[in-house]
Amino acid sequence: YIILTKRLYSSTAKRIRVRDALNSLETGSIIKVQGWVRSVRSQKHNIFLHVSDGSSLQPLQVVASSDLNTRDLTFGCAVDVTGRLEKSPSKKQSMELQANRIDVVGECNPVDFPFKIKGHHSLEYIRQFPHLRCRTNAFSSLLRIRSQATAAIHAYFRDNNYVQIHTPVITSNDCEGAGELFQVEPAGNEWNLDKENHHFFSVPAYLTVSGQLHLEVMAGAFPAVYTFGPTFRAENSQTRRHLAEFYMVEAELAFTESLKDLMKVMEGLFKTTTENLLSHCAEDVELFHKYISPGNMEQVDLMMKRNFNVISYTEAIDILNRSSEQFTFKPEWGCDLQTEHEKYIVQHCGNVPVFVTDYPYELKPFYARDNQDQPQHTAAAVDLLVPGVGELCGGSLREERLELLRTRLEKAGLNDTYAWYLQLREFGSVPHGGFGMGFERYLQCVLGIDNIKDTIPFARFSHSCVL
Ligand SMILES: NC(=O)C[C@H](N)C(=O)O
């Protein structure tokens, strides 16, 4: 009889998520929660469990009588719990689940499990377990924040009338021209590809380094477009800021004649997304600011309150040369800014993000618009440098003038390759420009995460492609 009623009881229970249970105002309702045990505590008559299901940082406290068979109930196991939702007498949580039935769905041997109850594991430690780290508080918070930030970015562009374009992952162009390409060919030899230029696509094809050129195509028909997807760089540098596969948000605006328009969008995107995170993921963001990057909340507050700075590249070089800092790379007009330079510039500007504009023409790819301001020959390009990370965004106005573009491509021996790109300037060309923002670097900056490998579900970098 008892078993029968228990079955009946559990089949009529409404299945809800932990977050909804915690926020529920209805006491006495019969619910079912499914999740993973984050802690177990036994007292004389009762056992207390914390159950998490990824919906919130805070777990649901489950109280059950010690009579329930709890042999397999350990830290890390998967459970199915049915019971009555009641107001909790403890101040630590609003609601608790008084269980009538607990089924262990999947056992977990806590001795072998790499995480321990109440263990404060570092991000570096949990990184060794890419298949398990989503079960820790810190990484599940990161994943919820990442998901919310993705939604916020799409919302920002939709609210500002952009059209989303799915730019291709496989492409025959190397947009940045930096030569950090992964080539794509079929595995195995059923295609009989030999060395005589028999590529699968007939031409060499690569994983994309940027969706920019495809967005420029679309900016010939839509005034504002964006893309948000994976991009790839075969960089052999194992730094805390580089990944071989990362997500980039890229936007392209037509009828745009000034870098100011682009900077406005970059600042708007940064601030709107961050505001959204602070209100929708407060608890998760707080976990980072409290335990992982103390002090970063003040940094975020500052970035949100202040207008971003704007300085020219030439001014940046002056600032660097006037400083008493000993740089490994001597700052000189014409050289790219190194990480140490970027860091100094951000500090110099009061730890507020800073746009650096108008770089030496020769430093920028063929598409950057010529400022034609001799003798210091510059291009209308801009980078956004942010505290803790350095370069977060890079963008430029694009050369829309057919003859100038043709001459530059000719010099680089690229006018055949980019015949289609030249045609964009032949048929209804308009002044336009755009930028890209590294999504993982954005998360690094807002959450104060030291290593970029801890901002992405599965990190790919040289000599590492686990799972
Ligand atoms: N869309 C952009 O302007 C981004 C630029 N192509 C980059 O990869 O830095």
Side-chain angles (χ1 to χ4, degrees), residues 153 156-157 162-169 171-182 206-220 222-235 237 241-254 256 258-270 313 336-337 339 342 355-361 363-369 379-386 389-400 405 408 412 414 418 421 424 431-442 452:
I153 286 167
Y156 172 83
F157 285 117
Y162 283 69
V163 173
Q164 183 190 358
I165 303 293
H166 291 116
T167 50
V169 169
T171 169
S172 57
N173 79 62
D174 76 336
C175 179
E176 293 305 291
E180 296 159 342
L181 298 164
F182 286 105
Y206 313 100
L207 295 179
T208 185
V209 295
S210 164
Q212 177 193 324
L213 301 189
H214 299 98
L215 286 186
E216 281 192 67
V217 168
M218 298 306 170
F222 302 95
V225 287
Y226 80 101
T227 187
F228 183 4
T231 41
F232 307 84
R233 307 258 162 122
E235 252 172 319
S237 55
R241 310 187 311 153
H242 290 92
L243 289 168
E245 177 183 273
F246 61 98
Y247 278 69
M248 185 148 66
V249 184
E250 294 182 273
E252 198 69 30
L253 289 86
T256 291
S258 154
L259 283 181
K260 284 202 185 108
D261 296 339
L262 298 183
M263 293 191 272
K264 211 170 129 197
V265 180
M266 286 186 240
E267 186 165 343
L269 173 66
F270 183 97
Y313 167 88
D336 230 338
L337 295 182
T339 310
E342 294 174 351
F355 290 109
V356 179
T357 66
D358 303 301
Y359 281 76
Y361 186 71
L363 279 185
K364 291 294 160 187
F366 66 87
Y367 54 69
R369 192 175 199 275
V382 55
D383 279 357
L384 174 61
L385 311 182
V386 296
V389 171
E391 183 188 339
L392 173 68
C393 302
S396 67
L397 295 182
R398 322 303 190 187
E399 187 55 78
E400 86 284 7
L405 185 62
R408 189 157 199 201
L414 287 172
Y418 288 108
Y421 190 71
L424 301 179
H432 65 286
F435 69 91
M437 175 179 91
F439 183 51
E440 285 75 19
R441 287 190 180 182
Y442 166 77
I452 198 165

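Atoms within each ligand, like the ligands themselves, are counted from 1 in listed order.
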Tell me yes or no: between the side chains of Y421 and N173, is some donor less than 3.5 Å from an acceptor?
no
Distance from atom 3 (O) of ligand 1 to nearest protein heavy atom, with residue and atom:
R398 NH2, 2.9 Å
In this structure, atom 5 (C) of ligand 1 is nearest to the protein heavy atom E176 OE2, 3.4 Å
Taking only non-hydrogen atoms of R233 and a 4.0 Å limit, the atoms of ligand 1 in range are 8 (O)
Residue list, side-chain hydrogen bond (donor to acceptor under 3.5 Å, both in side chains) with S258, at least two apart or on another chain
none
Students should be able to answer this: which protein heavy-atom is nearest to atom 4 (C) of ligand 1, and at what distance?
E250 OE2, 3.4 Å
What I want to check is whether the side chains of E216 and Y367 have a donor and an acceptor closer together than 3.5 Å.
no
Run the numbers for me: atoms of ligand 1, each under 4.0 Å from some heavy atom of G434, listed by number.
3 (O)
Subset of ligand 1 atoms that lie under 4.0 Å from at least one heavy atom of M248
8 (O)
Answer yes or no: is there a side-chain heavy-atom contact under 4.5 Å between Y226 and I165?
no
For residues Y313 and L337, determine if any side-chain heavy atom of one lies less than 4.5 Å from a side-chain heavy atom of the other.
yes
Can you measure from CG (L405) to CZ (R369) and round to the nearest 0.5 angstrom?
11.5 Å
Contact partition for Y367 relative to ligand 1, non-hydrogen atoms under 4.0 Å:
side chain
Under 3.5 Å, N or O to N or O, is S210 touching ligand 1 that way?
yes
Sequence neighbours left out, what passes salt bridge (charged side-chain N to carboxylate O under 4.0 Å, His left out) with R241? Give chain and number order.
E342
One finds that the ligand 1 atoms under 4.0 Å from a non-hydrogen atom of G436 are 1 (N), 2 (C), 3 (O), 4 (C)
F435 neighbourhood, listing ligand 1 atoms whose heavy-atom distance to it stays under 4.0 Å:
1 (N), 2 (C), 3 (O)
